[in-house]
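Let me begin by presenting the structure, written as structure tokens, before commenting on it.
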Amino acid sequence: MTLNGVVENIVFQNKENGFTVARVSANRELITIVGKLSKLYQGQEICATGNFVTDARWGEQFRVDTYTVSEPKTTDGIIRYLSSGLIKGVGPITAKNIVDKFGEQTLDIIELSPLKLAEVHGVTEKKAAEIGIAFMELKKMQDVVMFLQNYNISTNMAMKIFNRYGDRAREIVQSNPYKLVEDMSRVGFKTADKIALSVGIEPDSEFRLRAGLVYVLNESSEHDGNTYLPMEDVLVDLSKLLNIDVTEKLEQLESVIDQLVLESIVKRCKFNDVNCLMLVKYYTTELKIATKLITLNESIEQFNIDVSQEIADFERFNKIEFHDDQKKAIELAVNNGVCVITGGPGTGKTTIIKCILRILKGQCGRIALLAPTGRAAKRMSESCKEEASTIHRALMIDYSGGETKEDTAMFFFNETNKFPYDAVIVDEVSMVDVNLMLSLLSALKAGTRLILVGDKNQLPSVGAGNVLADILNSGVIASAQLTHIYRQSEESLIITNAHAINDGNMPKIDNHSKDFFFEYRENINDIADTILNMVSTRIPKFLNISPLKIQVLAPMRVGVCGIDNLNNLVQNRINPAQNGKKEYKLDNYVFRIGDKVMQTSNNYTQVWKRPRDNGSWELGEAVFNGDIGFVTNINEETDSLEVTFEDGRISDYTREDAKQMMLSYAITIHKSQGSEFDVVIIPIIAGAASILTRNLLYTAVTRAKRMVVLVGTKKNLHMMINNNYTAKRYSALAIFLQKQSKNMGDLI
């Protein structure tokens with residue numbers, strides 16, 4: 001419905017995201033409106049579309065979807081408009097003096113002949129000019145925001161576009177909206193494409209081919225982890241995206257590629273005699289990683305130190321006996337500049353780290369223990385009895401400025417300001433993507449020992465690249481693979497079954513163990529119901545733990561047993577809606593206080609605080625993809641959501657940033673990488689062979705500490721274990737490592 005009225009006063013306005021609560025006079029009634037109403041001022045006339053909603057605390061409100069504003073037409077309205085903070089230095093008295101002089105022509109005078117304002121008592125020529133400039137800037141901004149709203153661009157994003165382009169924003173959007181994709185974060189190709197086609201840009205225009213090509217390469221990196229694509233794949237993906245046969249436009253496309261090469265956006269490469277395209281940022285990143293790994297490895301003389309006595313002392317002190325593979329791994333770590341240790345659960349990786357740590361303390365100065373996620377760092381710290389940190393936190397995030405901080409996030413420790421450690425041990429390295437690996441390597445000084453520890457059978461990183469696998473496959477860096485299962489008990493099946501699955505064998509599922517169970521359910525709805533009862537009732541009673549300690553790991557997002565549906569089921573069972581309980585409604589989720597939530601993307605500008613033992617607060621920025629926390633407050637006045645993360649950080653989310661949050665009673669197996677949970681429940685369902693793989697099941701099972709429950713059919717379980725499909729991930733690090741080690745120079 002449509003609401004027309006005059007803005008009487010602004011009750012609240014969040015300058016960061018534009019969320020506003022205002023009173024509007026309409027049809028002789030005073031109505032409260034709420035929504036993204038950036039730069040709304042009292043006295044303006046507003047035409048808004050939306051709906052009336054009833055808030056438990058604030059009563060009836062009109063929630064605005066879209067709106068337009070116009071300047072007031074009455075002298076009283078103009079006075080309130082000018083004195084509302086619209087123009088710096090113009091208060092109620094000056095505003096009244098101006099309107100007394102020019103009446104209803106005031107706004108025309110300010111816009112067209114601002115120097116006439118100097119005729120008003122108390123207004124100098126300088127101030128008159130400043131008022132005119134400020135007024136024109138405001139009109140330009142409002143015109144742009146209103147124009148962009150026609151294309152379903154949010155007020156917040158419209159403001160960013162205006163700040164980037166100024167009054168050229170309308171011209172750019174109308175002539176080449178694809179420029180937004182290149183210049184602005186969070187503006188996707190599909191949004192720009194919709195605008196472009198609506199303003200008459202041809203489907204085969206070079207603008208569209210260029211933007212589509214860059215989008216295909218970016219999407220391939222962000223969603224599939226590829227750092228390059230064979231040209232044949234590029235043509236297929238581009239044809240699907242643009243809905244045209246680009247093979248008929250090859251000459252035009254080659255011209256576009258040539259231009260992108262000249263601008264250092266895309267690079268032509270030839271890998272294994274196949275013509276490929278690679279974004280320059282990934283070409284540079286992987287080449288630098290290769291160079292730095294080789295340099296770092298060679299910066300330490302290859303020793304042949306006999307550490308057998310130190311190993312024996314460690315065994316005796318800890319009452320253990322290392323396997324020969326483990327002793328070899330320890331020796332490699334001590335005697336090489338860079339070393340990789342890989343092995344599955346129970347193969348003693350943690351014990352090896354402790355031994356290496358003890359030996360290196362006698363040889364090095366400072367040693368850093370790092371992991372990609374907070375959960376992995378905490379686990380590393382607890383097992384090694386030494387402080388461990390996330391890579392991000394250890395390198396200390398800094399910013400170089402720019403249009404959006406997330407595009408320019410840097411680290412305090414970097415190429416010119418080196419990390420003050422002599423040895424660095426990184427656990428769960430399979431999760432590390434090329435960008436994070438380069439940031440870490442750039443910060444390491446020559447002579448630093450680097451020990452990378454992980455499980456090569458885990459899923460690769462969510463981000464681009466295949467760092468661990470590429471380093472191992474290159475054969476250039478010293479590596480040790482652990483195969484002997486070192487940690488298990490007769491009553492425990494988690495580790496034994498994980499290795500059975502990894503080897504392509506059916507796990508033992510007779511339900512006689514204390515920690516590995518199989519619940520037979522054939523109907524998909526029965527599987528979902530069983531999972532719900534397991535989380536809410538059966539397992540909490542059996543283990544005497546909170547349902548929040550139980551993690552459902554599902555292969556897919558959609559469907560009856562997808563995470564979206566399972567999250568809703570669990571939320572409504574263990575944290576249902578109640579009278580008086582605050583809710584925070586977004587497009588995809590309803591959050592309630594007490595809900596378990598997860599951050600779904602890196603946000604380098606998200607501010608947080610954490611209480612210190614002395615009563616003060618530690619302040620910081622940045623939350624990361626996969627961080628888990630709980631909703632601890634919903635602030636209706638500021639329209640914000642408070643989340644307290646597992647490591648104690650507390651952060652307030654605006655409505656826009658809250659879209660990066662999801663319920664996390666159930667999460668995808670990909671999102672669980674690097675984490676460890678008391679109990680893991682896995683739906684075993686039918687589905688696409690490209691998704692339901694042995695590798696995926698193995699990763700899910702290895703996330704559990706105390707219990708694994710599989711719910712489904714043995715047939716589908718057997719199909720997953722027999723499905724050894726691994727999606728091809730195109731990455732060039734192994735190639736670059738091999739060529740750099742041979743000093744072959746140019747890698748094109």
Side-chain angles (χ1 to χ4, degrees), residues 345-346 350 373-383 487-498 507 509 511-519 521 527-554 561 563 566-576 578 581 591-598 626-632 643-649 662-669 671-684 697 699-712:
T350 299
T373 67
R375 278 177 169 266
K378 182 180 180 182
R379 191 170 70 249
M380 192 181 191
S381 181
E382 290 171 347
S383 60
R487 173 172 55 90
Q488 62 180 339
S489 69
E490 292 181 3
E491 297 177 327
S492 174
L493 280 181
I494 293 177
I495 292 171
T496 302
N497 279 345
I509 50 174
N511 289 352
H512 290 157
S513 77
K514 65 178 183 180
D515 62 4
F516 203 101
F517 300 95
F518 182 84
E519 288 281 315
R521 299 290 186 276
I527 294 174
D529 289 342
T530 299
I531 290 173
L532 179 58
N533 290 328
M534 286 278 185
V535 173
S536 62
T537 308
R538 292 175 59 183
I539 295 176
K541 285 184 178 180
F542 182 70
L543 292 179
N544 192 28
I545 62 172
S546 165
L548 299 176
K549 296 284 188 180
I550 302 167
Q551 188 61 58
V552 179
L553 299 182
C561 285
I563 64 167
L566 291 173
N567 268 318
N568 288 331
L569 291 175
V570 176
Q571 180 194 42
N572 290 328
R573 176 70 64 85
I574 71 173
N575 192 24
Q578 295 176 352
K581 180 180 285 188
F591 295 117
R592 304 182 186 117
I593 293 176
D595 273 335
K596 185 178 177 183
V597 293
M598 172 184 277
D627 285 353
I628 290 178
F630 301 90
V631 176
T632 46
V643 175
T644 300
F645 290 99
E646 291 179 316
D647 60 1
R649 288 171 299 153
M662 62 169 279
L663 292 172
S664 63
Y665 301 107
I667 61 176
T668 62
I669 297 170
K671 287 286 187 186
S672 73
Q673 294 178 81
S675 296
E676 196 173 54
F677 308 98
D678 283 352
V679 179
V680 164
I681 304 176
I682 309 163
I684 305 298
L697 180 60
T699 299
V701 168
T702 57
R703 299 306 89 205
K705 289 192 294 185
R706 296 179 61 184
M707 181 183 290
V708 171
V709 180
L710 309 180
V711 185

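- Partners of Thr668 under the side-chain contact (heavy atoms from CB on, under 4.5 Å) rule, at least two apart in sequence or in another chain, are Ile563, His670, Lys671.
- Taking both residues in full, the closest heavy atoms of Gln673 and Thr373 are given as O-CG2, 4.4 Å, listed atom of the first, atom of the second, then distance.
- A donor-acceptor pair shorter than 3.5 Å cannot be found between the side chains of Arg703 and Ser672.
- Checked options Ile494, Leu493, Asn497; the residue passing with Val708 is Ile494 (criterion: side chain to side chain contact (heavy atoms under 4.5 Å, CB included)).
- Side chain of Asn567 to backbone of Ala666: a donor-acceptor contact under 3.5 angstrom is found.
- Rounding to the nearest 0.5 angstrom, the gap separating the CD atom in Glu519 from the CD1 atom in Ile527 is 11.5 Å.
- Atom-to-atom distance recorded for Leu663:CG and Leu566:CG is 11.5 Å, nearest 0.5 angstrom.
- Note: Ser546 OG to Ile539 CD1 = 12.0 Å, rounded to the nearest 0.5 Å.
- The shortest side-chain heavy-atom distance between Val679 and Met534 does not fall under the 4.5 Å cut-off.
- Remark: side-chain polar atoms of Lys596 are not paired, donor with acceptor, to backbone N or O of Lys549 under 3.5 angstrom.
- Partner of Ile681 under the side chain to side chain contact (heavy atoms under 4.5 Å, CB included) criterion, out of Leu532, Ile550, Leu710: Ile550 alone.
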> Does the side chain to side chain contact (heavy atoms under 4.5 Å, CB included) test come out yes or no for Ile667 and Leu553, once each step is laid out?
Replying inline: CA-CA 5 Å; Ile667 61 176; Leu553 299 182; 3.5 Å; yes

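- Contact between Ala498 and Pro345 at its shortest, heavy atoms only, is CB-CG, 4.0 Å.
- Checking side-chain atoms of Gln571 against main-chain N and O of Phe591 turns up no donor-acceptor pair under 3.5 Å.
- The two residues Pro540 and Pro547 come nearest to each other via the heavy atoms CG-CG, 4.0 Å.
- When all heavy atoms of Asn575 and Arg592 are compared, the pair lying nearest together is O-NH1, 2.8 Å.
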>> Between Ile574 and Leu548, is the side chain to side chain contact (heavy atoms under 4.5 Å, CB included) condition met? List the steps.
In response: CA-CA 9 Å; Ile574 71 173; Leu548 299 176; 4.3 Å; yes

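- Here the CG-CD distance, from Asp678 to Gln551, works out to 11.0 Å after rounding to the nearest 0.5 Å.
- A 4.5 Å side-chain heavy-atom check between Tyr665 and Leu569 finds every atom pair outside the cut-off.
- Here the CG atom belonging to Asp595 is positioned 11.5 Å from the CE atom belonging to Met662, to the nearest 0.5 angstrom.
- Nearest heavy atom pair, residue Val680 against residue Ala700, reads CG1-O, 3.8 Å.
- Thr702 OG1 to Leu697 CG: the interatomic distance, rounded to the nearest 0.5 Å, is 9.5 Å.
- By the 4.5 Å heavy-atom criterion applied to side chains, Asp627 and Asp647 are not counted as neighbours.
- Closest approach of Lys514 and Met707 over heavy atoms only: O-CE, 4.1 Å.
- With contacts defined as side-chain heavy-atom distances shorter than 4.5 Å, the pair Phe516/Thr496 does not qualify.
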